[in-house]
Amino acid sequence: MPELPEVETIRQTLKQLVIGKTVESVDVSWPKIIQEPDDVEQFSTFLQGQTMHDIRRKGKFLLFDLDKHVIVSHLRMEGKYGVYDHNDEVMAHTHVIFHFTDGTELRYRDVRKFGTMHLQEKGMETTKKPLVLLAKDPLEADFSLQTFKEKVQKSERNIKNILLDQSVIAGLGNIYVDETLFLAGVHPLIKGASLTDEQVIQIKQAAVMTLQDAVRQGGTTIRSYVNSQGQIGMFQQQLNVYAQNDSPCSKCEDIIMKIKVNGRGTHYCPTCQPI
DNA sequence: CTTGTGTCCTGCCGGC
DNA sequence: TGCCGGCAGGACACAA
């Protein structure tokens with residue numbers, strides 16, 4: 001499940017492969033992925049003749065900048081992009097193909113079909129869903145610690161749930177929330193309202209460290225990992241708690257626990273993250 | 001207003 | 001062996 005670091009790695013790699021290319025046509029075989037416009041035919045016709053100029057990232061969203069439009073794309077759990085030659089075999093679960101005029105293709109694959117694409121007018125993307133309520137991610141220079149602190153401390157929800165809320169802090173998913181709370185030494189079930197200023201600052205710093213570290217790892221491994229199929233992959237960084245349940249904690253040797261928090265698998269160290 | 005629940009979708013896993 | 005129910009998960013619509 002791609003979170004901020006994975007999306008950032010995909011962005012950097014994909015950018016090299018599609019910038020300057022012009023869309024000749026678009027095929028969509030699972031229309032539900034296209035959330036906007038309502039008519040999938042329009043998605044295709046609007047894109048024809050437009051050139052890819054940049055790929056940006058906002059939180060876990062990828063933004064493809066074209067001449068007049070922006071494609072706002074979310075990979076959800078299993079979405080993947082790859083650039084292929086038009087003669088390459090189309091792999092299973094390919095749902096959207098952007099054919100370029102140079103004979104290459106940008107293909108979107110997604111086993112679960114949970115991913116989404118919104119085609120919006122250039123410049124309008126931050127004024128409407130899905131981006132309108134999206135918070136800053138903690139790696140952005142203008143991330144406001146003050147705003148973050150206020151949102152956290154006025155909430156009765158548990159901190160795990162708060163950190164998954166993209167309107168509070170963008171970019172964290174289930175894996176990096178668990179890693180962030182471990183690094184901050186905060187138990188996932190503690191209510192936002194009962195966290196001290198120091199704890200909230202710790203959490204923000206831990207999020208920055210966790211995400212930076214992961215981006216760095218994606219950045220170092222990505223070079224050798226764009227295969228001939230045009231697929232972009234990456235190696236999983238070392239995780240302290242996520243999927244480490246029943247193993248000893250890397251800090252204190254206590255056994256990592258796995259519980260459910262709001263329906264999400266949640267991993268923590270009972271000693272390093274006291275209730 | 002805030003918080004909780006259902007929904008989408010399919011591969012996988014455990015139980016029988 | 002093979003079937004089948006249940007589960008996982010990000011974000012949103014809707015309910016309470």
Side-chain angles (χ1 to χ4, degrees), chain A residues 1-8 10-11 28-38 40 57-63 71-81 91-96 108-120 125-138 147-181 188-195 207 210-211 214 236 239 241-246 257-268:
Chain A
M1 56 212 96
E3 302 182 30
L4 185 152
E6 290 77 19
V7 176
E8 177 59 21
I10 291 164
R11 184 190 75 82
V28 179
S29 53
W30 193 263
K32 281 188 165 182
I33 289 172
I34 312 303
Q35 301 277 311
E36 190 183 346
D38 291 333
V40 180
R57 178 186 59 73
K58 284 201 176 291
K60 302 181 219 171
F61 290 87
L62 280 174
L63 280 66
I71 302 169
V72 181
S73 169
H74 199 298
L75 305 170
R76 287 298 210 282
M77 269 78 75
E78 312 219 11
K80 293 171 181 64
Y81 279 105
M91 301 172 75
H93 312 297
T94 298
H95 306 306
V96 183
Y108 178 73
R109 295 197 297 132
D110 189 345
V111 172
R112 294 268 191 286
K113 299 175 175 170
F114 271 20
T116 57
M117 294 184 199
H118 291 74
L119 183 69
Q120 300 177 334
E125 66 273 13
T126 53
T127 69
K128 51 211 285 193
K129 64 179 184 180
L131 296 184
V132 65
L133 293 176
L134 187 70
K136 297 286 177 188
D137 75 57
T147 306
F148 175 64
K149 196 156 75 69
E150 280 166 16
K151 285 183 178 174
V152 169
Q153 291 180 326
K154 77 173 176 59
S155 176
E156 290 300 315
R157 302 147 78 195
N158 62 65
I159 187 61
K160 161 106 185 193
N161 206 3
I162 295 170
L163 293 180
L164 285 171
D165 186 339
Q166 303 295 300
S167 71
V168 175
I169 182 170
L172 297 171
N174 206 37
I175 296 174
Y176 293 121
V177 165
D178 284 4
E179 293 298 315
T180 294
L181 287 174
L189 285 174
I190 295 179
K191 290 193 187 314
S194 54
L195 289 167
T210 303
L211 292 173
Q236 185 60 62
L239 298 170
V241 285
Y242 188 85
Q244 306 302 307
N245 40 300
D246 304 329
M257 300 286 292
K258 179 174 182 179
I259 57 172
K260 285 255 189 204
V261 176
N262 300 86
R264 302 279 180 256
T266 299
H267 315 73
Y268 71 100

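Throughout, a chain's letter reflects where its sequence line sits, starting with A, and its residues are numbered from 1. For the numbers below, each heavy atom of this structure counts, side chains included, while hydrogens, waters and symmetry mates do not. As the structure is a computational prediction, the values presented were derived from the model and not from experiment.
- Atom CG in A:Asn174 sits about 11 Å away from atom P in C:dA11, given to the nearest Å.
- With rounding to whole Å, A:Ile162 atom CD1 is found 11 Å from B:dT3 atom C1'.
- No donor-acceptor distance shorter than 3.5 angstrom exists from the side chain of A:Glu3 to the backbone of A:Val177, with no hydrogens or angles considered.
- Taking atom CG of A:Asn161 as the reference point, atom P of B:dT2 lies 14 Å away to the nearest angstrom.
- In this structure B:dG4 sits in a base pair with C:dC14, meeting the Watson-Crick or G-U test at under 3.5 Å.
- Ion pairing between a basic and an acidic side chain is recognised when a charged N comes within 4.0 Å of a carboxylate O; A:Glu36 and A:Lys129 show no such pairing.
- Residues meeting the side chain to side chain donor-acceptor pair (under 3.5 Å) test with A:Ser29, sequence neighbours left out: none.
- The CE atom of A:Met77 sits 13 Å away from the C1' atom of C:dC12 (whole-angstrom rounding).
- Between the CG atom of A:Asp165 and the C1' atom of C:dG9 there is a distance of 16 Å, rounded to whole Å.
- Note: NZ (A:Lys113) to C1' (C:dG10) measures 18 Å, nearest angstrom.
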Run the salt bridge (Lys or Arg N to Asp or Glu O under 4.0 Å) test on A:Arg57 and A:Asp137 for me, step by step, so that the C-alpha distance in whole Å, both residues' side-chain angles and the decisive distance to 0.1 Å come before the verdict.
CA-CA 10 Å; A:Arg57 178 186 59 73; A:Asp137 75 57; 3.1 Å; yes
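- When rounded to the nearest whole Å, the span between CG of A:Asn262 and P of C:dG9 equals 13 Å.
- The CG-C1' distance, from A:Asp110 to C:dA11, rounds to 14 Å in whole Å.
- OP1 or OP2 of C:dG10 has at least one side-chain nitrogen or oxygen of A:Arg264 nearer than 4.0 Å.
- At B:dC9, one or more side-chain N or O atoms of A:Lys32 fall inside 4.0 Å of OP1 or OP2 (strictly under the cut-off).
- Among the nucleotides B:dG4, C:dA11, B:dG11, the one closest to the side chain of A:Lys60 is C:dA11.
- Between the side chain of A:Arg112 and the base of B:dT10, a donor-acceptor pair under 3.5 Å is found.
- Counted by atom type alone, A:Asp178 and A:Tyr176 present zero donor-acceptor pairs between their side chains at under 3.5 Å.
- Proximity of A:Tyr176 to the phosphate of C:dG10: no side-chain N or O atom is located under 4.0 Å from OP1 or OP2.
- At least one side-chain nitrogen or oxygen of A:Lys154 sits closer than 4.0 Å to the OP1 or OP2 atom of B:dT2.
- Between B:dC9 and A:His93, no contact under 4.0 Å exists linking OP1 or OP2 to a side-chain N or O.
- Of the listed nucleotides (C:dA8, C:dG9, B:dG11), B:dG11 has the atom at the smallest distance from the side chain of A:Val111.
- Nearest nucleotide to the A:Arg76 side chain, out of C:dG10, B:dG11, C:dA13: C:dG10.
- Comparing A:Pro130 and A:Gly265 against DNA chain C, the residue whose closest nucleotide sits nearer the 5' end is A:Gly265.
- For C:dA11, neither phosphate oxygen OP1 nor OP2 lies less than 4.0 angstrom from any side-chain nitrogen or oxygen of A:Thr116.
- Side-chain proximity of A:Lys260 to C:dG10, C:dA8, C:dC12: nearest is C:dA8.
- Exactly one residue among A:Arg157, A:Lys160, A:Lys151 makes a salt bridge (charged side-chain N to carboxylate O under 4.0 Å, His left out) with A:Asp165. That residue is A:Arg157.
- Comparing B:dC8, B:dG4, C:dA11 by their nearest atom to the side chain of A:His74 picks out C:dA11.
- Looking at the side chain of A:Trp30, the nearest of the listed nucleotides C:dA8, B:dC9, C:dG10 is B:dC9.
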